[in-house]
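See structure below.
We name chains A, B, ... by the order of the sequence lines, and we start the count at 1 in each one.
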Protein chains: 2
Amino acid sequence: MATLNRPGSDGGEHICGIDTAMDIIGGKWKVLILWALHEYPHRRFGELRRMVPGITEKVLASHLREMEADGIVDRVSYDEVPPRVEYALTKDGIRLNDALEPLAVWGRERREREEASGSAPSEDTAS
Amino acid sequence: MATLNRPGSDGGEHICGIDTAMDIIGGKWKVLILWALHEYPHRRFGELRRMVPGITEKVLASHLREMEADGIVDRVSYDEVPPRVEYALTKDGIRLNDALEPLAVWGRERREREEASGSAPSEDTAS
DNA sequence: CTGCATCCGTTATGATACTG
DNA sequence: CAGTATCATAACGGATGCAG
């Protein structure tokens, strides 16, 4: 959860609900898992592992557990002989993904500009 | 939309635009600094330090330097007898803050729900 | 197939003191 | 006032092996 100390944001000065969000998606692969789950409603463990190359089982399982504890991922375990577990986004997870969309757009545009400018962004203030 | 590209193609590069954004705001205090700068166009070092209680000078300076290198913060140094340095958001930083807004809303709603439910979020799947 | 445990390296963060 | 330097620690991520 948000372990961040916040200044007195009691009024309506500035909203720092971002802390909460950042704490949840702060993991290195969290957003990728989120996105993978966004594509399909149900994903199996092995599928997720394949969709996020480079991630290890430990990290994937760990992130999955955290996301489940955070209520953005739902875990469904089928008690079958070949173990089968499916993960899905909760409603809150879907909303999180939607909230992540503008950020994705920003990052994409930014990277395009970086590649065009040779990663030397020198913009002046816009105040 | 975000069909996951393989990170192995570039050797651990960014997959979707979110990675780029997450890499920039990934610091523990980055979003708070961002928000502090969003309130006022120009902030001095000491002001930022006061606005983000708990942060140390080292971390603040470090984050500030990173954000400046990322082109989202502009540093203006006045060559005066009492040293004065002001930080401001660049246009890109402002757009980043705008992109962060939905996430802030999500986090705020979530926190309210958490506090209401006793921090035991258990939502069902919404597939 | 799913998922956990252990060890280990890297990085991020923190505390304190010091300098221009 | 605005940083920097050094040291210490904790958190995160990764590799491997094991268990149900």
Separation of [N] [atom2] from [X] [atom1] (nearest whole Å):
| X | N | atom1 | atom2 | answer |
| --- | --- | --- | --- | --- |
| B:Lys30 | C:dT11 | NZ | C1' | 13 Å |
| A:Glu47 | C:dG3 | CD | C1' | 17 Å |
| A:Glu86 | C:dT2 | CD | C1' | 13 Å |
| A:Arg84 | C:dT2 | CZ | C1' | 13 Å |
| A:Leu64 | C:dC1 | CG | C1' | 14 Å |

Generate the contact string for nucleotides 13-20 of chain C. Rules: B means base contact, S means sugar-phosphate contact only, - means no protein heavy atom under 4.0 Å. BBB----B

From [X] [atom1] over to [Y] [atom2], what is the distance, rounded to the nearest 0.5 angstrom?
| X | Y | atom1 | atom2 | result |
| --- | --- | --- | --- | --- |
| A:Asp74 | A:Lys91 | CG | NZ | 11.0 Å |
| A:Leu96 | B:Leu103 | CG | CG | 6.5 Å |
| B:Trp35 | B:Leu89 | CH2 | CG | 10.5 Å |
| B:Ile24 | A:Trp106 | CD1 | CH2 | 3.5 Å |
| B:Leu37 | B:Glu86 | CG | CD | 11.0 Å |

Which part of the nucleic acid, if any, lies within contact of B:Tyr78, taking any heavy atom under 4.0 Å across all strands shown: a base, the sugar-phosphate backbone alone, or nothing?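 Answer is nothing: B:Tyr78 stays at 4.0 Å or more from every strand.
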
Quick check: is B:Val85 connected to B:Leu48 through a chain of hydrophobic side chains (ILVMFWY, heavy atoms under 4.5 Å apart)?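 In one cluster: yes.
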
Quick one: do B:Ile18 and A:Leu60 end up in the same hydrophobic cluster if we chain Ile, Leu, Val, Met, Phe, Trp and Tyr together by side-chain heavy atoms under 4.5 Å apart?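 Yes, B:Ile18 and A:Leu60 fall within the same hydrophobic cluster.
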
Bend angle of the helix from C:dC1-D:dG20 to C:dG20-D:dC1, end axes from five pairs each (to 10°):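 The two end axes of the helix from C:dC1-D:dG20 to C:dG20-D:dC1 meet at 40°.
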
Do any pairs count as a salt bridge (charged side-chain N to carboxylate O under 4.0 Å, His left out) and have a residue in residues 55-65 of chain B, sequence neighbours left out, and if so which ones?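 Salt bridge (charged side-chain N to carboxylate O under 4.0 Å, His left out) check on residues 55-65 of chain B returns B:Arg49-B:Glu57.
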
Does [X] put a side-chain nitrogen or oxygen below 4.0 Å from OP1 or OP2 of [N]?
| X | N | value |
| --- | --- | --- |
| A:Arg49 | C:dG3 | no |
| A:Arg44 | C:dC1 | no |
| A:Arg75 | C:dT2 | no |

Residues in salt bridge (charged side-chain N to carboxylate O under 4.0 Å, His left out) contact with B:Arg75, at least two apart in sequence or another chain: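 For B:Arg75, no residue satisfies salt bridge (charged side-chain N to carboxylate O under 4.0 Å, His left out) once neighbours in sequence are set aside.
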
By nearest nucleotide on DNA chain C, pick out whichever of A:Ser62 and A:Pro82 is the more 5' one.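 Result of the comparison: A:Pro82.
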
Would you grab the first and last nucleotide of DNA chain D (5' to 3') that comes under 4.0 Å of any non-hydrogen atom in chain B?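 The footprint of chain B covers D:dC1 to D:dC7.
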
So, A:Thr20 versus B:Arg110: side-chain donor-acceptor pair below 3.5 Å or not?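 No, because no side-chain N or O of A:Thr20 sits under 3.5 Å from a partner of the opposite role on B:Arg110.
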
Applying side chain to side chain donor-acceptor pair (under 3.5 Å), name anything that partners A:Glu109, two or more places apart in sequence or on another chain.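 Applying side chain to side chain donor-acceptor pair (under 3.5 Å) to A:Glu109 gives B:Arg95.
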
